[in-house]
Structures are given as structure tokens and as C-alpha cells.
Amino acid sequence: MPEIVKTAAMIIARDLKTLRSAAKSLGALGLVPTMGALHRGHLALVAAARAAGQPVAASIFVNPLQFGPNEDFLAYPRDEDGDLAALAAAGCDLVWLPDVATMYPPDSASTITVAGPALRWEGEARPGHFAGVATVVAKLFGQVRPAAAYFGEKDWQQIQVISRIVADLLLPVSVVPVPTMREDDGLALSSRNRFLTPTERLTAPKLYAALSGAAAMIRQNGDVEPALARARMAVTAAGMTPDYLALVAASSLEPLAALTGPARLIVAARLGRIRLLDNVPVR
Ligand code: PAF
């Protein structure tokens with residue numbers, strides 16, 4: 001019999017046998033996949049899964065496959081004790097804590113590459129990133145076998161990529177997007193925000209302000225390019241370097257020159273050594 005470790009009512013699984021036995025005993029699960037360093041945004045995903053009346057599983061795995069060679073895999077924040085305490089307090093039923101050997105056994109030879117919504121924006125800026133995300137998320141789905149999985153809208157493109165693989169590979173799971181949680185000044189919550197210096201922290205909310213201003217302008221008069229140009233100028237004037245700031249079709253992530261259907265304004269901008277991502281709905 002696998003050993004099941006419980007914190008209050010929460011089961012902590014570190015091997016597949018324990019995970020499968022716990023998942024089976026809990027029934028149709030809502031899964032919150034994470035890389036740890038949890039904040040209120042992650043806990044809102046747990047709350048959304050609980051509100052759907054499901055037992056909730058969260059996974060914590062800093063996935064090496066989705067980091068490029070010059071990215072911050074080693075420096076990515078890790079706080080297992082704090083995360084477990086936060087998940088227990090949030091009413092999580094099961095936590096899956098796999099190690100690298102479990103996720104990527106030495107003989108594993110398959111990765112999932114995604115075209116369509118994965119091609120542009122983060123796909124261009126971070127080659128290989130979405131293959132890493134798609135592969136690990138498909139593995140997590142195969143391990144936990146959840147009925148639903150919850151993802152934050154802050155990573156809008158990631159949600160579209162995951163929805164694509166779920167549709168293309170007929171994975172039996174519902175992808176549930178949850179609105180972005182923000183600080184009072186508008187900054188989208190992110191595990192990497194802790195690396196902002198106090199001065200950068202004052203600058204960072206200007207990204208959301210620029211996006212919101214552009215979204216309002218596009219909704220009001222439909223002029224996309226002037227609104228984007230103004231927002232790019234505002235971001236640059238605040239001391240950030242935009243990698244992209246674009247109006248895109250909400251599902252395909254194709255750039256839009258006019259508001260012709262469901263659309264999202266998306267942005268990535270560098271501030272010091274941090275890359276900030278954000279997006280807002282336009283329609
Ligand atoms: O959004 C994240 O934290 C990660 O990309 C995810 C979905 C947990 C996959 O590693």
C-alpha cells in the first residue's frame with residue numbers, strides 16, 4: 001500500500017502510486033497546476049475549483065522544460081513549506097509534488113509541440129516554452145486525471161495553447177480560465193513580482209494602466225493602431241521596454257487591425273531584469 005501523508009485534511013503525494021490512490025479515493029477532481037511560490041492568484045484558482053463543488057488537487061512542479069537556457073529556472077522562487085500551508089488553508093484536498101525523474105524519466109522521448117496560438121508572442125520570445133508547457137500539462141493531466149483544470153487569465157496565451165491541445169488530443173478535461181488577480185494599483189499578481197525593486201514596483205502598474213487606456217480607446221472609437229502606439233509610448237516613457245503590445249484574436253492570438261470579434265490586448269515588457277506579462281479583454 002502506498003504511504004499517504006496528510007496535513008490536516010490535505011493529502012501530500014510525492015510518488016505516482018500515492019497520487020493515483022489518493023485521486024481515485026477523492027473522485028472527479030479540479031486540478032490547479034502550479035510552479036509553486038504561490039500567491040493570491042493561485043489561491044483564487046483553488047477557490048474557483050472549490051466553488052465548482054469538486055475536490056481540489058494542486059500540483060507544484062518547477063518545469064525545467066519550459067525555461068530557455070538563459071532563463072531563470074534555477075532562480076525561480078521556491079517555497080514548498082509556505083505553499084503547502086497556503087494550500088491547506090485554502091481547502092485543497094490533494095497536493096502533487098513530483099520530482100524531475102517522475103516527470104521526465106530517462107527513457108521518455110515525447111514532447112508536444114503546438115502551432116496555432118503558440119506561434120507568436122511568447123512563442124517567438126521564448127522558443128520551446130510552449131512545448132514545455134504543453135508537455136508538462138498533458139503529463140499532469142495523465143497523472144492526476146482531473147475532470148477540470150484551472151488556469152489564470154494572466155497567462156492568456158498559455159490558456160489558449162492548453163485549450164488547443166485539449167481539443168486536438170481529445171483530452172477528457174475542461175479548461176477553466178479564472179480572471180487575473182491584481183494588486184490595488186492594478187499590477188497583475190505574479191510569482192516573479194517579488195524580484196521587483198521598490199522603484200520598479202512603483203513603475204510596474206503603469207503597464208496595466210497603459211493597456212486599460214488603450215482598451216478603452218479601441219472600444220470607444222475603434223482606432224486600433226493609434227491606441228496601440230499611445231500605449232507603447234506610455235510603457236516606454238515609464239521606463240519599460242515592450243517586447244510586444246498588440247490587439248489579438250482571443251483564441252487564435254492572430255494580430256487584429258480592427259475589432260472584428262472577441263479580442264484581447266496583450267503585452268510583455270521588460271522592467272529591469274523582470275519580464276512583465278499582462279492582458280485585458282477588449283470585447
Ligand atoms: O502557469 C504556470 O505556472 C505553468 O506554466 C504551468 C501551467 C503550471 C505549467 O508548468
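Whatever order the structure lists ligands and atoms in, that order sets their numbers, starting from 1. For this chain, numbers begin at 1 and follow the sequence in order.
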Enumerated ligand 1 atoms positioned under 4.0 Å from heavy atoms of Val136: 9 (C), 10 (O)
Should Glu80 and Arg14 count as an ion pair when the cut-off is N to O under 4.0 Å? yes
Between Arg40 and Glu183, does any NZ, NE, NH1 or NH2 come within less than 4.0 Å of an OD or OE carboxylate oxygen? yes
With a distance cut-off below 6.0 Å to the six-membered ring centre and an angular limit of 45° from the axis, does Arg78 pair with Phe73 as a cation-pi contact? yes
Check whether any side-chain heavy atom of Thr180 lies under 4.5 Å from a side-chain heavy atom of Trp156, and answer yes or no. no
Please could you name the atoms of ligand 1 that Gln66 approaches to less than 4.0 Å, counting only its heavy atoms? 4 (C), 5 (O), 9 (C), 10 (O)
Taking only non-hydrogen atoms of Thr34 and a 4.0 Å limit, the atoms of ligand 1 in range are 8 (C)
Using a 4.0 Å cutoff against the non-hydrogen atoms of Gln158, which atoms of ligand 1 qualify? 1 (O), 2 (C), 4 (C), 5 (O), 7 (C)
